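Read through the structure below, which is laid out as structure tokens, and then see the notes.
Note that the structure is predicted; figures quoted are calculated from it, not measured. Values below: every heavy atom of this structure, side chains too, minus hydrogens, waters and symmetry copies.
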Amino acid sequence: MSDKLKEQLKLLCRLDKEVDDIYSNIAAHFGMPDTEFWILYAVSHSQGEVTQKDLQKEFLFPVQTINSAIGKLIKKDLVELRVIPKTKNRKEILLTEKGAKFVKNTIDKVDEIECNALSLFDENERKQFLSFLCRHVENLKREKERAFGCSPA
């Protein structure tokens with residue numbers, strides 16, 4: 001591996017960590033652990049039902065971490081679980097009335113921050129940025145599969 005590539009990887013890792021830290025600090029600003037923040041973020045952005053399994057798949061949190069965070073959000077009356085009809089025990093995570101108000105004062109502000117930050121790129125830059133990021137993720141999945149012999153997902 002060339003020195004130039006090593007430096008670029010180092011920068012990529014640092015920037016990735018910096019983005020994680022920004023979201024972690026935002027969650028802390030609102031008095032939430034990261035997992036609770038991401039659950040509320042996912043539920044508030046959902047176009048359909050969100051289950052605990054969906055969250056595990058999307059955010060790669062362990063099942064117990066998600067279950068524990070949902071339990072805390074239920075105690076805070078921010079979310080509730082509702083059994084999905086015609087399923088054995090799958091439950092949808094829904095915002096309560098209090099949760100919807102909380103999201104309006106928290107997650108909606110994060111949406112505004114994200115939108116403002118992305119809008120600082122022009123349309124062509126946004127397309128390129130997202131294209132490169134998607135390609136990088138796909139390349140990582142493919143190289144992981146090649147190196148470890150596991151599926152890219």
Side-chain angles (χ1 to χ4, degrees), residues 9-121 125-127 129-145 147-153:
L9 280 171
K10 187 176 176 181
L11 175 60
L12 180 62
C13 288
R14 185 182 64 74
L15 292 171
D16 187 48
K17 176 69 174 127
E18 199 170 325
V19 169
D20 285 346
D21 286 346
I22 289 168
Y23 282 100
S24 206
N25 289 334
I26 289 171
H29 174 79
F30 293 124
M32 289 185 283
D34 290 2
T35 311
E36 291 179 25
F37 170 84
W38 287 115
I39 290 169
L40 291 175
Y41 188 97
V43 171
S44 68
H45 287 95
S46 171
Q47 299 295 328
E49 59 193 34
V50 177
T51 66
Q52 290 162 300
K53 185 169 238 141
D54 295 331
L55 293 172
Q56 180 188 359
K57 194 174 185 180
E58 183 173 349
F59 296 109
L60 305 176
F61 290 126
V63 175
Q64 187 53 44
T65 302
I66 290 173
N67 292 345
S68 175
I70 289 171
K72 290 175 184 173
L73 289 170
I74 289 170
K75 285 181 183 173
K76 294 176 185 177
D77 192 32
L78 297 177
V79 300
E80 62 186 7
L81 297 177
R82 185 179 303 154
V83 175
I84 299 170
K86 300 179 183 175
T87 66
K88 290 187 179 185
N89 61 354
R90 285 188 42 184
K91 295 177 184 171
E92 179 180 12
I93 304 162
L94 299 164
L95 293 172
T96 61
E97 188 176 322
K98 181 179 175 183
K101 288 178 186 173
F102 185 79
V103 161
K104 191 163 190 60
N105 294 317
T106 57
I107 306 302
D108 286 1
K109 289 183 184 199
V110 175
D111 290 342
E112 185 179 338
I113 291 167
E114 291 171 329
C115 186
N116 289 344
L118 197 58
S119 71
L120 294 173
F121 293 110
E125 289 171 325
R126 285 193 299 269
K127 285 180 183 177
F129 172 71
L130 294 171
S131 174
F132 290 147
L133 189 57
C134 289
R135 199 165 128 205
H136 179 64
V137 169
E138 289 307 312
N139 289 346
L140 281 172
K141 288 177 182 179
R142 191 170 36 260
E143 289 303 309
K144 179 186 86 169
E145 182 177 8
F148 302 121
C150 54
S151 68

May I have the step-by-step check of side chain to side chain contact (heavy atoms under 4.5 Å, CB included) for D108 and V103, ending in yes or no?
CA-CA 6 Å; D108 286 1; V103 161; 3.9 Å; yes
Sub-4.5 Å side-chain heavy-atom contact between [X] and [Y]:
X    : Y    : answer
I107 : F102 : no
K141 : V137 : yes
K72  : S68  : yes
K101 : E97  : yes
Q52  : V63  : no
L40  : V79  : yes
E36  : L78  : no
V83  : N89  : no

If you count the non-hydrogen atoms of other residues, nucleotides and ligands that lie under 6.0 Å from NE2 in H29, is the total more than 12?
no
For K76, does the NZ atom have more than 12 heavy-atom neighbours from other residues, nucleotides or ligands under 6.0 Å away?
yes
Working to the nearest 0.5 Å, report the span between [atom1] of [X] and [atom2] of [Y].
X    : Y    : atom1 : atom2 : result
F148 : E143 : CZ    : CD    : 10.5 Å
D34  : I39  : CG    : CD1   : 11.0 Å
L118 : I113 : CG    : CD1   : 13.5 Å

Nearest non-hydrogen partners of [X] and [Y], listed with the distance:
X    : Y    : answer
L12  : H136 : CD2-NE2, 3.3 Å
N105 : F30  : O-CE2, 3.7 Å
F121 : R126 : O-NH1, 2.6 Å
E80  : T96  : N-CG2, 4.0 Å
H45  : D111 : NE2-OD1, 2.6 Å
T35  : A69  : CG2-CB, 3.6 Å

Ion pair present between R14 and E18, side-chain N to carboxylate O less than 4.0 angstrom?
yes
Salt bridge flag under 4.0 Å for residues R142 and E138:
no
If only atom types and distance count, is the side chain of D54 paired as donor or acceptor with the main-chain N or O of T51 below 3.5 Å?
yes
Apply the test side chain to side chain contact (heavy atoms under 4.5 Å, CB included) to residues L55 and F61: give CA-CA distance (whole Å), side-chain angles for both, the deciding distance (0.1 Å), then the verdict.
CA-CA 8 Å; L55 293 172; F61 290 126; over 6 Å; no
Can S24 and D21 be counted as having a side-chain donor-acceptor contact under 3.5 angstrom?
no
T106 vs I26, side chain to side chain contact (heavy atoms under 4.5 Å, CB included): CA-CA, chis, key distance, verdict:
CA-CA 9 Å; T106 57; I26 289 171; over 6 Å; no
